[in-house]
Amino acid sequence: MSFVFSHKSLMDSATSLLLKPIFLHFLSASLHLALLVAFLVSWVWNKIVVGARDSSKERFRSTLYPRTLFCSLGASAFNLVMFLVCFFYWYRNGWSDEKFVTLLDLAFKTVAWCVICAYLCAGFFNSGERKFPFFFRAWCAFYFLISCYCFISDVILHLQQVLLPLQYLISDGVSSFLSIFLCYVVFFVKNESEDDTLQEPLLNNNTDVSNALESTTTKGEETVTPYSNAGIFSILTFTWVGSLIAAGKQKTLDLEDVPQLASCDSVAGVFPPFRNKLETECGTINRVTTFKLVKSLILSAWKEIFATAILALLNTLASYVGPYLIDTFVQYLNGKETFKNEGYALVATFFVAKIIECLSQRQWFFILQQIGIRIRAQLVTMIYGKSLTLSCQAKQSHTSGEIINFMSVDAERIGDFIWHIHDLWLVFLQVALALFILYKNLGMASIAALVATIIVMLANVPLGSLLEKFQDKLMESKDGRMKATSEILRNMRILKLQGWEMKFLSKVIELRKTEEGWLRKYFYTSAIATFVFWGAPSFVSVATFGTCALMGIPLESGKILSALATILILQQPIYNLPETISMMAQTKVSLDRIASFLRLDDLQSDVIDKLRRGSSNTAIEVVNGNFSWHLSSSNTTLKGINLTVTQGTRVAVCGTVGSGKSSLLSCILGEVPKISGTIRVCGSKAFVAQSPWIQSGKIEDNILFGKEMDRERYEKVLEACSLKKDLEILPFGDQTIIGERGINLSGGQKQRVQIARALYQDADIYLFDDPFSAVDAHTGSHLFKECLLGFLSSKTVIYITHQVEFLPAANLILVMKDGEITQCGKYNDLLNSGTDFMELVGANKKALSALDSLDGGEASDKLGIADQKVNISIVQVTEEKEGNKDGQSDNTDNVVEPKGQLIQEEEREKGRVGLSVYWKYITTAYGGALVPFIMLAQILFQLLQIGSNYWMAWATPVSSDVKPPVGAFMLMIVYVAMAIGSSLCILARAIFLSTAGYKTATLLFNKMHLCIFRAPMSFFDATPSGRIINRASTDQSAVDLNIPDQIGSFAFSMIQLFGVIAVMSQAAWQVFIIFIPVISISIWYQQYYLPSARELSRLIGVCEAPVIQHFAETISGTTTIRSFDQESRFKETNMKLMDGYSRPKFNSAAAMEWLCFRLDMLSSITFVFSLIFLIFMPRGVIDPGIAGLAVTYGLDLNMLQAWVIWDLCNLENKIISVERILQYSSIPSEPPLVIEENRPNSSWPLHGEVEISDLQVRYAPHLPLVLRGITCKFPGGLKTGIVGRTGSGKTTLIQTLFRIVEPIAGRIVIDGINISSIGLHDLRSRLSIIPQDPTMFEGTVRSNLDPLEEYPDEQIWEALDKCQLGDEVRKKDGKLDSSVSENGENWSMGQRQLVCLGRVLLKRSKVLVLDEATASVDTATDNLIQQTLRQHFSDCTVITIAHRITSVLDSDMVLLLNQGLIEEFDSPTRLLEDKSSSFAELVAEYTMRSKSTYQ
């Protein structure tokens, strides 16, 4: 029996030993020491015996890397913290063997996990292994068993009422959790790797590697975001975006690395339900109101909005747990423990509340951003769709610049407002909760807090209305500026040729000054709002505590700290209230603007009765048609139109300038509002506009225009349009990327691409608006024969022409005058009746008689294309050189590399935003002199805030039975003084910040615009205007309104964070033990996150430009798009571009929340550890009031720490706008406008003699010469015509004359002055030019003729009469002040050309250049122009490039260029005498064409 008892006692003793902490920690320490020894032996073995690993092994990037590294680092950091905590605590309270073994265990754990980190980084992840080695997996399993054993032992001892130090439970519990997570990663998570070979340059043409690379890229673009199928844990912790952040750390992110949006976030998924809801609400979009628009937007995302409301409620309730419990915590520290382990319970409650607050806030913010992205996409798509259906009259009321603002600014702002959607009701909830806590602590004094809060909120009402008013005005002025800017960018070439760019810059600056006036008012009103609401907590505190003092309510430190914490939390919604109201004001303005735009009139849907193809033999029928562009105007554009066109008929339309020819085609297209009558159209239509509309993109895409490639038809179309030779010249053939508005094509090439687009469509009805005026005689003949008479011989064709020789081929000719069809019939019939047709034909015969009097030579059947303007930029010539090299290779690949194309992808900076960008920004205004004052004011504010709270905590007793150190009067006097001081500091800070922000925005704007306007034309040729507009609109808005606050917020939150750390360290200096590793980890996280965030933010900016550019192109080409019935395809393209913009935006928001979640967790851990330090401290070591103050500030620690990092990251994202503006503020400029020491006298040039000596021009130093040593002399007062084939150098010569391009050798001397020695303005203002594309600006007739305001009205009227426009202008109501719409759309092309003639008649320069100047007018008007020029410029030097040979024949001299050299230079008579001369061949071709009848 004794043996049994003895055996049992031994068993109990053994069991007791196995559960003892000293045994457990000794076992753990021994095992970790054994692990270290094993690692050391393994390292020595590998170094000495095995040697270095084979470097040729395939390297890979494991997806397990961040998880295992994080786990190992976390274990090491945690054990280090526990070691330090235990060491300092036990150092004060004495040692024992058990404590020594525990410390040894913690030390070995810290070192062991550090070694594991090093092994994972150097030994495993850089090896060729694709799974963890057996040794490491075995250790993880063993560590899991030991950790769980220790933790379970602790729990058993605790249940047996054995008193254990809390450190044991925490240490073993956390170790168990880490071991579970590590085992999960090692054994259950699948390892996905990516070959590093794909990141290395391809050193050879290995097809397999190339294919792998291509498939990887494609895979990246096609991958749908992991968010769409992420689990609950991944969603809560944002782990699903971790792979993108990891990829951004490894390489610079590109758009193909960013996964596609899920269907619930893409435009295709969210827009149709939204549109259906809106149409259900309104019936039609034209009846939309702001309220119905808002209702539809909310209904489209009501589930997400409701979910965020629940999350916001949870977050608010959790945030008030801390203030509610502070008084209880202070009393506990003072020794009043209400139940056992109350301290642990309080810490646990604080911690759980913080976790709930963190989780709910992160999900709340992310889902709101997700909704914002969707809403922006919905609105942009809606605006885009509306712009495709706008009537012409409605379109004139909103310019393209304004419509772009609706998309880029207003839709963005409405999307951003979603951040504030819950703020209003949350304010009331937070105030109610605050009053509840205040009433619990201070009783009836809480009424004073309520009154003070209401006063503060009421003070915001006038501020809010002022902010709304200023925001409205700011947007209006911004619209005006953007409208002017976009128009100027479209016409920059003509501005530079005329020397007007600085005048138009001054107009933009004036518009900006109006905008700046409202911006300044907005800034200072916001500064007052900031002062009111930063001072609000102090005001509420003073009112509350003052009422307590007056009512005799005892003030205890615990209750005061609880009240202060409550008011501090209340500060955030009160502080956000002005921003919320401001955002509401801005959003209401934006919603009103968008709703008013959506209400604009659409094209009349009943203008045309569309008949099904083949249902009628009549293609077009107009019965008693009366049409007017302006229904409110008494003048009818087209009157009494009766027209019947049968299928397969060719109809020619002719008439003088402004007779209504183009309007007739527009009414057949349904573009002109109908007053009365009927139009019937049977079949599909194709339209060729007078002004070519070309999309940015490949030539092939422009011709196919959405149709599938039919190679046989495509080749026939190219042949018919005479495009094959052009495509051979272009560097990449039909794969050449066309610049904006076809910038790198000549006028003739653009027109022929446009014709090819129409031909390829295989429509039933073709409408041509004078397409032959932009091409030379040979090409015009070819196009007419091959296209109209050949390719379209069986189609219905209506063509407008000024070339009389094309009229006989028509089955029906319409003669128009003053908006009426005055004559109708066949060519021969019309010759015998009426005067209008005879007037046109007579003018042509008169021109031909001049030809016959010179020579009647025969035509050559071989004449190249002699029309096209060579519009070469530096980049384009580079393309040709590279293209020729490429052409020699055997590469038959259809994929064209983008390198060498004129329009490159937008350049973006890569890597970290340089400190120089920050430095330039903060030192732009007053050299940065205000920055120290701003920082000083904020530091003083923080010191006074902390000081006032410290004073209240120190000067009030912990409980009612303790005598206060100071009286109530002294208590309040000191507190009020500090509160007033802090409020004055915040007022000074707000005013200084507003002043600096306003001044900086103004200076950056002026500098960027000066650089843009002074940039050479090559910059505008290679840069789509969308990129410039993006900087002048979106980026400038960020600099105006966001970045000053962003920089201020970062600096101020940093100061606040240091203040909080100082206060907390006052209570327990040991808090630094946790602060240092936590801040280190926070910085590591920030550095890990920033590369991805930076590139995502840059991608957002880069991806926005194509949306704007496509929008701008669509607006300018709506007529063409509608005529081809391509609206749906363009809407789809817009949706794709919007998704491309939303992708980086969505992932950027997720990445930000990924970081914030981790920082919140770290802050919560810091806060909990500081609480643990406080409850473990012996009683009396620290004043409970001061400890309570530390807790009060610690409640905001997670928010502040997250705000610092968040502000830093957000600032780096936003500062990219400054970076982009500075990028355009350093564009190389043209030579000086004026050289003071070398200015010509006012009468220069007196004779107009132009002497060219050995002129050599190239577009870049490494490129071949375009002009190769031209030497000639244009005598003063004589007319010189310039002709030549494509690429001969005609336009280059003119560009060099105006110094658009600078010569590399030789010189041009005008009246004895070398033009390179004087300023550009002095040169260009003394020369005149009538360009090929007639340009008019929005404004008045007067401002178009005399933009520099140099001439009196009498001279302007005289010029109008000379150019045959006087009577037309006198008919208008405003006379010289009558309006001109954007691009001169309310004037015909011919009238615009006559306005250009009027400009040169006013200027009366001695040197006049005509660049295809009469291409857009009929022969009669051409004769009038020539007569006017002969009469008024008889003593001037006139240089003419023309397609109509009659314009060159009456020249005194003709210069024929060939491949940059002079081939012929003599008088026309002498050249025609030589039948073999190239000029004689050209004249013969024109004569033959003019006398031909294309029957």
Side-chain angles (χ1 to χ4, degrees), residues 265-267 270-271 273-275 277-278 281-282 285 288-302 304-305 308-309 365-387 398 402-424 464 467-468 470-476 478-479 482 522 576 579-600 1030 1033-1034 1037-1038 1040-1042 1100 1104 1107-1108 1111 1134-1135 1137-1139 1141-1142 1145-1146 1148-1149:
D265 292 311
S266 67
V267 185
V270 299
F271 179 68
F274 164 68
R275 183 187 56 208
K277 284 184 176 67
L278 191 60
E281 285 289 325
C282 308
I285 300 298
V288 70
T289 62
T290 305
F291 172 74
K292 289 177 178 176
L293 181 62
V294 171
K295 184 179 175 183
S296 299
L297 286 170
I298 291 173
L299 285 174
S300 68
W302 73 268
E304 290 82 359
I305 291 172
T308 54
F365 284 0
F366 174 67
I367 296 171
L368 284 182
Q369 290 178 84
Q370 189 180 11
I371 298 168
I373 291 167
R374 288 185 198 171
I375 284 177
R376 185 187 192 280
Q378 289 169 347
L379 288 172
V380 169
T381 308
M382 181 67 74
I383 293 164
Y384 184 87
K386 181 69 179 181
S387 68
H398 286 78
E402 288 176 315
I403 298 172
I404 287 167
N405 258 1
F406 292 145
M407 181 208 71
S408 64
V409 177
D410 293 302
E412 184 84 42
R413 179 171 293 124
I414 294 165
D416 290 343
F417 174 72
I418 296 298
W419 274 88
H420 304 271
I421 195 168
H422 298 303
D423 284 6
L424 275 180
L467 286 170
E468 180 178 3
F470 296 152
Q471 182 66 33
D472 198 0
K473 296 293 185 183
L474 186 63
M475 289 307 302
E476 281 180 20
K478 185 186 176 75
D479 280 346
M482 289 311 302
Y522 182 83
N576 283 341
E579 187 185 357
T580 303
I581 291 176
S582 169
M583 278 298 295
M584 287 179 68
Q586 294 174 33
T587 306
K588 184 180 180 301
V589 169
S590 294
L591 284 163
D592 289 340
R593 282 156 50 87
I594 290 175
S596 66
F597 175 71
L598 295 176
R599 283 196 300 271
L600 290 176
N1030 202 9
S1033 175
T1034 308
S1037 285
D1040 286 347
L1041 299 171
N1042 301 124
I1100 290 168
E1104 188 175 21
V1107 178
I1108 295 174
F1111 214 140
N1134 176 65
M1135 288 181 177
L1137 290 171
M1138 272 310 302
D1139 279 344
Y1141 170 71
S1142 299
K1145 206 169 177 66
F1146 174 84
S1148 178

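Just so you know, these numbers come straight off a predicted model, no measurement behind them. Atom set for the values below is all heavy atoms of this structure, side chains included, hydrogens, waters and symmetry mates excluded.
The side-chain hydrogen bond (donor to acceptor under 3.5 Å, both in side chains) search around Y522 returns S582, Q586, not counting sequence neighbours. When the side-chain contact (heavy atoms from CB on, under 4.5 Å) test is applied to I1108, the partners found at least two apart in sequence or on another chain are I404, M407, S408, I1029, N1030, E1104. Every salt bridge (Lys or Arg N to Asp or Glu O under 4.0 Å) that D265 has, sequence neighbours left out, goes to R374. Residues satisfying the ring-ring contact (aromatic ring centres under 6.0 Å, His included) test with F406, not counting sequence neighbours, are H398, F597. Partners of S296 by side-chain hydrogen bond (donor to acceptor under 3.5 Å, both in side chains), not counting sequence neighbours: none found. Shown here are the ring-ring contact (aromatic ring centres under 6.0 Å, His included) partners of Y1141, two or more places apart in sequence or in another chain: there are none. Shown here are the side-chain contact (heavy atoms from CB on, under 4.5 Å) partners of S590, two or more places apart in sequence or in another chain: D410, R413, I414. By the side-chain hydrogen bond (donor to acceptor under 3.5 Å, both in side chains) test, K386 is found to be paired with D602, residues two or more places apart in sequence or in another chain being considered. Applying the side-chain contact (heavy atoms from CB on, under 4.5 Å) criterion to D1040, with sequence neighbours excluded, gives R512, E515, L519, A1001, Q1036. A search for salt bridge (Lys or Arg N to Asp or Glu O under 4.0 Å) contacts involving K1145 returns E412, not counting sequence neighbours. Applying the side-chain contact (heavy atoms from CB on, under 4.5 Å) criterion to S596, with sequence neighbours excluded, gives R599. Residues satisfying the salt bridge (Lys or Arg N to Asp or Glu O under 4.0 Å) test with K588, not counting sequence neighbours, are D592.
Residues S1148 and I1100 approach most closely at CB-CD1, 4.1 Å, considering heavy atoms.
At least one side-chain heavy atom of L293 sits less than 4.5 Å from a side-chain heavy atom of L379.
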